[in-house]
Number of protein chains: 2
Amino acid sequence: MPVSSDAESCQVQPALEIIVGKWKCKILLHLLFTGTNRFSELQHALPGITKKMLTTQLRELESQDIVQRVVYPIVPPKVEYSLTPYGRTLEPVLKMMHEWGSTHVEHMRIKQQEIETYALTASKG
Amino acid sequence: MPVSSDAESCQVQPALEIIVGKWKCKILLHLLFTGTNRFSELQHALPGITKKMLTTQLRELESQDIVQRVVYPIVPPKVEYSLTPYGRTLEPVLKMMHEWGSTHVEHMRIKQQEIETYALTASKG
DNA sequence: CGGTATCCTCGATGATACTG
DNA sequence: CAGTATCATCGAGGATACCG
């Protein structure tokens, strides 16, 4: 599968579209590591998210065949979410991004430290 | 480097922040494959981008140590952009996303086809 | 419990014109 | 050539209230 520089054939974008969204990669990681979750479990796992956002993001992932939604017709309602087998193919991608991201945070930390050290040296003469 | 499901330690996000932006992954891929580019060369390689957007996205990548900007003090101005060595460490990440993205586009195409076939069968009786 | 419905804010992006 | 300045738009995300 050749990677071309032709802007028209940039297939990074479709992959990006799955995981961009303020909560999506957190939802995906949580489902990857904890398996099936009820709606309320996801809500507690993602402090600050509203029901509306959680619903929106889950519905999008569902329409993309990444997340599976199972409704139990009982009272009170019970809805379970999990990754589809296809959704799990994202794991190596997420893992690689996580690793690069960790390195990057460290890289930026060191760079910032250098700037501060320089500023200190400069101010001291 | 353990990947935790704890939302606080989601390091996918910092990686995402580098490549989200309407033009960033295209800029990165283009620089990866063609090396050093002048501002105008990038502009032609990205049909539809405005100078303002190109400047904005390049400046962000520069501040993150991904892209290098070299200004030649001549008239008319000449400015060259290239990936930093650190920026090139994104290559395997982008490549993996590109490959998953290609598979995903195909996956969605097949899924769509199934839906259409079903609709046809259903309408025929 | 697991949602919808409404309304609102704000930042990413864009159009356009000007500049050293 | 490689920008900057200014203004406008639009949709992702959020606050809040209500619902089966």
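Below, read A as the first sequence line, B as the second, and so on, with proteins coming before strands; counting in each chain starts at 1.
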Residue whose nearest DNA chain D nucleotide is more 5′ - Arg59(B) or Glu60(A): Arg59(B)

In whole angstroms, how far is the C1' atom of dA2(D) from the CZ atom of Phe39(B)? 6 Å

Quickly work out the Ile74(A) CD1 to dG20(D) P distance and round it to whole Å. 19 Å

Spell out yes or no: do the side chain of Lys22(A) and the base of dG13(D) have one donor N/O and one acceptor N/O closer than 3.5 Å? no

Would you confirm whether Ser102(A), through its side chain, and Gln11(B), through its main-chain N or O, come within 3.5 Å as a donor-acceptor pair? no

Does Tyr81(A) put a side-chain nitrogen or oxygen below 4.0 Å from OP1 or OP2 of dC1(C)? no

With heavy atoms under 4.0 Å as the rule, sort Tyr72(B) into base, sugar-phosphate or nothing. nothing

Counting only side-chain heavy atoms from C-beta out, which of dA15(D), dG2(C), dG20(C) sits nearest to Pro77(B)? dG20(C)

So, do Gln13(B) and Leu16(B) sit near enough that their side-chain heavy atoms are less than 4.5 Å apart? yes

Any heavy-atom pair between the side chains of Glu60(A) and Val67(A) that's under 4.5 Å? no

Any side-chain N or O of Arg69(B) below 4.0 angstrom from OP1/OP2 of dG3(D)? yes

Rounded to whole Å, please give me the gap between CD in Glu41(B) and P in dC1(D). 11 Å

Student check: side-chain heavy atoms of Met97(B) and Val93(B) closer than 4.5 Å: yes

Tell me what Gln57(B) touches on the nucleic acid: a base, only sugar-phosphate, or nothing, going by heavy atoms under 4.0 Å. sugar-phosphate

Closer to the 5' end of DNA chain C via nearest nucleotide, is it Val20(B) or Leu58(A)? Leu58(A)

Within a radius of less than 6.0 Å around CD of Glu91(A), do more than 12 heavy atoms belonging to other residues, nucleotides or ligands occur? no

For dA2(D), does OP1 or OP2 lie under 4.0 Å from any side-chain N or O of Arg38(B)? yes

When you check the gap from the basic side-chain N to the acidic O, do Lys111(A) and Glu114(A) get nearer than 4.0 Å? no

I want to check something: taking the side chain as every heavy atom from C-beta on, are Leu61(B) and Leu28(B) in contact at a cut-off of under 4.5 Å? yes

Separation of atom CG in Leu54(A) from atom P in dG14(D), rounded to whole Å: 12 Å

Whole Å only: how far is the NZ atom of Lys51(B) from the P atom of dA15(C)? 14 Å

For Glu80(B), which contact category applies under a 4.0 Å heavy-atom criterion: base, sugar-phosphate, or nothing? nothing

List, with names and distances, any nitrogen or oxygen atoms from the protein found under 3.5 Å away from nitrogen or oxygen atoms belonging to nucleotides 5-9 of chain C.
unit_1: dT6(C); atom_1: O4; unit_2: Lys52(A); atom_2: NZ; d: 3.4

Atom-pair distance (CD1 on Ile19(A); P on dA12(D)), nearest Å: 17 Å

In whole angstrom, give the distance that lies between atom NE2 of His44(B) and atom C1' of dC1(D). 11 Å

Quick check on dG2(C): is either OP1 or OP2 less than 4.0 Å from any side-chain nitrogen or oxygen of Ser40(A)? yes

Tell me the interatomic distance from Met53(A), atom CE, to dG2(C), atom C1', rounded to whole angstroms. 16 Å

Using a heavy-atom cut-off of 4.0 Å across all strands, would you classify Pro76(A) as base, sugar-phosphate, or nothing? sugar-phosphate

If every non-hydrogen atom of Gln43(B) is compared with every non-hydrogen atom of Leu54(B), which pair is closest and at what distance? N-CD2, 3.7 Å

